[in-house]
*Asks:* 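Here you go, one structure.
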Amino acid sequence: MEKTHHYATVLTWTGNKGEGTSHYKAYDRDHILSAGGKPEIPGSSDPSFRGNPGRYNPEELLVASLSSCHMLWYLHLCSVNNVVVVDYRDQAEGIMLENSDGSGYFKEVILRPVVTITDEARLQVAQELHHEAHKFCFIANSCNFPVHHQPEFRVATSQPH
């Protein structure tokens, strides 16, 4: 039986400089993303498309969503498989191709998490759980492009008391 979840966001365009969209350079691409009283996310388009480089663009948010979803599933799977993770940092990257008509699509996303665990004996399990996390990630399961994983592992050294 499937369980249905609903998500709602509000996007407010803040880039009207007084002329609306009367011409291509007349407006900013700035906008605010919000959801249910949470902190707002300043958005814009990629600077290649006249966007504000100081704001998040949709492409970055897509890559971040994949990275976040994978991490959350990975940490859950580690917690129920006796793998203690004490640090996790992912430097994810997405590759988007732009067509001559201005349309485009993501070719792939590569997740590169650096994961620190406490027990070297659990390293093999820690590696295998990345594959399991990918199977469960809601966002990755919704994409029509490959999401690759190139994890790196470290073992925490115990600190003297």
*Asks:* Residues in salt bridge (charged side-chain N to carboxylate O under 4.0 Å, His left out) with Arg112, at least two apart?
*Replies:* Glu93
*Asks:* Using 0.5 Å steps for rounding, measure from the OG atom of Ser68 to the CD1 atom of Ile139.
*Replies:* 8.5 Å
*Asks:* How many angstroms lie between OH in Tyr105 and CE in Met96, if you round to the nearest 0.5 Å?
*Replies:* 10.5 Å
*Asks:* Should we count CZ of Arg50 as having more than 12 external heavy atoms under 6.0 Å?
*Replies:* yes
*Asks:* If we check side-chain contact (heavy atoms from CB on, under 4.5 Å) with Pro113, which of these qualifies: Glu152, His130, Arg89, Met71?
*Replies:* His130
*Asks:* Using the ring of each side chain (for Trp, its six-membered ring), is Tyr74 parallel, tilted or perpendicular to His70, with breaks at 30° and 60°?
*Replies:* parallel
*Asks:* What distance do Ile110 atom CD1 and Leu66 atom CG have between them, rounded to the nearest 0.5 Å?
*Replies:* 12.0 Å
*Asks:* Ring centres of His134 and His149 under 6.0 Å apart?
*Replies:* yes
*Asks:* For the residue pair Ser45 and Asn57, what are the closest heavy atoms and their distance?
*Replies:* C-CB, 3.7 Å
*Asks:* Could you check if a side-chain atom of Phe106 sits within less than 4.5 angstrom of a side-chain atom of Leu62, using non-hydrogen atoms only?
*Replies:* yes
*Asks:* With rounding to the nearest 0.5 Å, note down the distance linking CG in Asn99 to CG in Leu97.
*Replies:* 7.5 Å
*Asks:* Excluding sequence neighbours, so at least two apart, what forms ring pair (Phe, Tyr, Trp, His ring centres under 6.0 Å) with Tyr56?
*Replies:* none
*Asks:* Any Lys/Arg nitrogen of Glu19 or Lys17 sitting under 4.0 Å from an Asp/Glu carboxylate oxygen of the other?
*Replies:* no
*Asks:* Could you tell me whether a side-chain N or O of Ser142 sits under 3.5 Å from a main-chain N or O of Phe138, the two making a donor and an acceptor?
*Replies:* yes
*Asks:* Backbone N or O of Asn81 within a donor-acceptor pair of the Arg122 side chain at under 3.5 Å?
*Replies:* yes
*Asks:* Do Tyr24 and Trp13 share a hydrophobic cluster (ILVMFWY, side-chain heavy atoms under 4.5 Å, transitive)?
*Replies:* yes
*Asks:* Look only at the side chain of Ser44 and the backbone of Arg55, and say whether a donor-acceptor pair between them is shorter than 3.5 Å.
*Replies:* no
*Asks:* Does any non-hydrogen side-chain atom of Ser34 lie less than 4.5 Å from one of Val10?
*Replies:* yes
*Asks:* Where does the angle between the aromatic ring planes of Tyr7 and His5 fall among parallel (under 30°), tilted (30 to 60°) and perpendicular (over 60°)?
*Replies:* parallel
*Asks:* For Ala92 and Val63, which heavy atoms make the closest approach, and how far apart are they?
*Replies:* CB-CG1, 3.6 Å
*Asks:* Distance check, rounded to the nearest 0.5 Å: Asn141 atom CG versus Cys69 atom SG?
*Replies:* 8.0 Å
*Asks:* Compare all side-chain heavy atoms of Val114 with those of Tyr88 and state whether any distance is below 4.5 angstrom.
*Replies:* no
*Asks:* Would you say Ser65's side chain and Leu61's backbone share a donor-acceptor pair under 3.5 angstrom?
*Replies:* yes
*Asks:* Distance-only, no hydrogens or angles: does the Asn16 side chain make a donor-acceptor pair with backbone N or O of Tyr27 under 3.5 Å?
*Replies:* no
*Asks:* With the side chain counted from C-beta on, respond yes when Asp119 and Val155 share a heavy-atom pair under 4.5 Å apart, and no when they do not.
*Replies:* no
*Asks:* Can you tell me if CD on Glu120 sees more than 12 non-hydrogen neighbours from other groups inside 6.0 Å?
*Replies:* no
*Asks:* Give me the atom names and distance for the closest heavy-atom approach of Pro42 to Ile32.
*Replies:* CA-CD1, 4.2 Å
*Asks:* Is it true that a side-chain atom of Asp28 and a backbone atom of Asp30 form a donor plus acceptor pair closer than 3.5 Å?
*Replies:* no
*Asks:* Say you draw a straight line from NE2 of His148 to CG of Leu111; how long is it, rounded to the nearest 0.5 Å?
*Replies:* 10.0 Å
*Asks:* Any donor and acceptor pair, going by atom type alone, linking the side chain of His31 with main-chain N or O of Arg29 inside 3.5 Å?
*Replies:* yes
*Asks:* State yes or no: do Leu72 and Val115 share one hydrophobic cluster built from I, L, V, M, F, W and Y residues joined by side-chain heavy-atom distances below 4.5 Å, directly or via other members?
*Replies:* yes
*Asks:* Could you check whether His131 and Phe136 have their ring centres less than 6.0 Å apart?
*Replies:* no
*Asks:* Counting only heavy atoms from other residues, nucleotides and ligands, does the tally under 6.0 Å from CD of Gln91 exceed 12?
*Replies:* no
*Asks:* Is any side-chain heavy atom of Val83 closer than 4.5 Å to a side-chain heavy atom of Leu129?
*Replies:* yes
*Asks:* Can you check whether Val86 reaches Ile117 side chain to side chain, under 4.5 Å on heavy atoms?
*Replies:* no
